[in-house]
Amino acid sequence: MSTSGTDRWAALDFAPPAAGIEETEPPVLLDYLSEGRVARITLNRPHADNAITTEMGALLTEVVEGIAVRTAVRVVVLTGAGDRAFSIGSDLRQRKAMTKEDWLRQRQAFDRTLYTVRQLRKPIFTAVNGLAYGGGCELAQSTDFIIAATSATFGQPEAMLGLAAGGGSPALLPRLLPRGKALQMLMTGDPLPAAEAFRLGMVNELHPPGELMAAALGIADKIAGNSPTAVQSVKRAVQLGEGQPVEQAIAIMMDAHWRSAVHPDRVEGIGAFNDGREPTFVDSDF
């Protein structure tokens, strides 16, 4: 992969994006499915393995912020265009010419993007369709859970490039993998195949590449068919209770439970169960 003859990068299976390619489509696509209840976000630079530029990160932030206030949306699926990569992280060709100030400005912008994803009240999960490296892997980790194609690969190669990972993986990866495995990934840069990520619990489900999106939309439809108020409440309870003493976590859980118990969706859900019909839940109001 390199004219210097090194095999250092061979295991990563990607190279810097080609220079001079005209991009005629937006770097992030958004479409609404299932009568507007499911939002699908697609990272859309397949010619560059969906490497994230400053402009792409800013648009992703804008898209997620827009979804956050669109009450009809009940669940978000995040994926990548093409069949090779979800995202290989920051566009290293763009970064090559950056000054220190440019780099820090981009880092602040990317921090906002990842924070916006992590703090989204609505459920959001990632369908990893190929390579997920660096910031791409961290973006997937920032969502509620991950499903993946059998061909997917996860990696944090920052240390190979002279960087300490800075998009969340030192905090998030040990929550998804055994601590030692997370540290090995962060220190060596060695990729983790999807099958191993599934075995270790980082990935919830594996699907053949051609079946991944159908599986993702099936999960999304199931979530969208539940009470959005209840779903968002339980997500918040998990987020706020994680790492807390057990009684504190239970107190947070009970606050979320009581919010749902006095909500009209509780009456509708139990009524639908007793009537043997599909429930009609209202859009979340918080």
Side-chain angles (χ1 to χ4, degrees), residues 17 23 25-32 39-45 48-71 73 75-81 85-128 132-146 154-158 161-176 186 232 235-236 238-240 242-243 284 286:
E23 301 189 20
E25 293 188 358
V28 178
L29 302 178
L30 171 63
D31 58 324
Y32 295 102
R40 179 172 56 187
I41 301 172
T42 305
L43 306 180
N44 187 41
R45 300 184 70 225
D49 289 334
N50 297 318
I52 304 170
T53 60
T54 303
E55 298 75 19
M56 185 182 192
L59 183 54
L60 180 57
T61 303
E62 182 182 325
V63 165
V64 176
E65 288 178 340
I67 289 171
V69 297
R70 191 177 178 112
T71 56
V73 174
V75 60
V76 184
V77 180
L78 176 62
T79 194
F86 168 66
S87 172
I88 58 170
S90 300
D91 188 314
L92 298 183
R93 185 171 293 280
Q94 184 183 59
R95 280 189 164 183
K96 184 178 180 181
M98 283 184 173
T99 65
K100 183 187 292 186
E101 182 176 330
D102 292 336
W103 183 289
L104 294 176
R105 286 185 180 277
Q106 187 193 67
R107 181 67 262 169
Q108 287 180 320
F110 286 178
D111 287 348
R112 178 182 171 188
T113 303
L114 294 166
Y115 179 82
T116 302
V117 170
R118 290 195 305 270
Q119 293 300 310
L120 186 66
R121 281 186 174 270
K122 303 172 190 290
I124 177 171
F125 68 95
T126 310
V128 174
Y133 288 145
C137 188
E138 290 172 316
L139 178 58
Q141 292 169 51
S142 297
T143 64
D144 296 328
F145 59 88
I146 300 168
F154 301 84
Q156 298 292 162
E158 288 88 345
L161 300 162
L163 281 171
S169 55
L172 299 173
L173 203 57
R175 298 169 186 253
L176 299 173
L186 290 163
Q232 291 182 32
K235 171 176 174 172
R236 199 70 174 161
V238 170
Q239 284 181 320
L240 296 180
E242 192 170 20
S284 176
F286 71 95

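A donor-acceptor pair shorter than 3.5 Å can be found between the side chains of T113 and T61.
Within the 4.5 Å cutoff, the side chain of F154 has heavy atoms near those of the I146 side chain. Counting only heavy atoms from C-beta outward, the side chains of K235 and R121 never approach each other to under 4.5 Å. At least one side-chain heavy atom of L30 sits less than 4.5 Å from a side-chain heavy atom of I41. Looking at L43 and M56, their side chains come closer than 4.5 Å, going by heavy atoms from C-beta outward. Between E62 and L59 the shortest side-chain heavy-atom distance falls below 4.5 Å. Side-chain contact between E138 and P170 is present, with at least one heavy-atom pair separated by less than 4.5 Å. Side-chain contact between D111 and R107 is present, with heavy atoms from C-beta onward closer than 4.5 Å. Considering only heavy atoms from C-beta on, T116 stays 4.5 Å or farther from L120 through its side chain.
Among all heavy-atom pairs drawn from E158 and A164, the shortest one is CB-C, 4.3 Å. Across all non-hydrogen atoms, the minimal contact from A68 to K122 is O-CE, 3.7 Å. Between E25 and N44, the shortest heavy-atom distance links the atoms OE1-ND2, 2.9 Å. The two residues G136 and F86 have their closest heavy-atom pair at O-CE2, 3.2 Å. For the pair V77 and A127, the tightest heavy-atom approach, listed with the atom from each and the gap, is CG1-CB, 4.4 Å. Annotation for C137 and G155: closest pair CB-O, 3.6 Å, computed over non-hydrogen atoms.
Among the candidates I124, T126, V117, the single residue satisfying the side-chain contact (heavy atoms from CB on, under 4.5 Å) test with D144 is I124. Just one residue in the list E101, K100, Q106 forms a side-chain contact (heavy atoms from CB on, under 4.5 Å) with L104, and that residue is K100.
Distance check, rounded to the nearest 0.5 Å: CG of L173 to CZ of R175 gives 11.5 Å. The distance from atom CG of L139 to atom CZ of F110, rounded to the nearest 0.5 Å, is 10.5 Å. Within the model, atoms CD1 of I88 and CG of N50 stand 8.5 Å from one another, a figure rounded to the nearest 0.5 Å. Atom OG1 in T42 sits 6.0 Å away from atom CG in D31 (nearest 0.5 Å). Here the straight-line distance linking atom CZ of R118 with atom CD of Q239 works out to 10.0 Å at 0.5 Å rounding.
Under the 3.5 Å distance criterion, the side-chain polar atoms of D91 are left unmatched by any main-chain donor or acceptor of I52. Looking only at distances, a side-chain donor or acceptor of R45 sits under 3.5 Å from a matching main-chain atom of A51.
Contact check on R112 versus E65 returns a salt bridge, with a Lys/Arg side-chain nitrogen under 4.0 Å from an Asp/Glu carboxylate oxygen.
For Y32, the OH atom sits in a packed shell: over 12 heavy atoms of surrounding residues, nucleotides or ligands are nearer than 6.0 Å.
Every residue two or more places apart in sequence or in another chain that forms a ring-ring contact (aromatic ring centres under 6.0 Å, His included) with F145 is listed here: F125.
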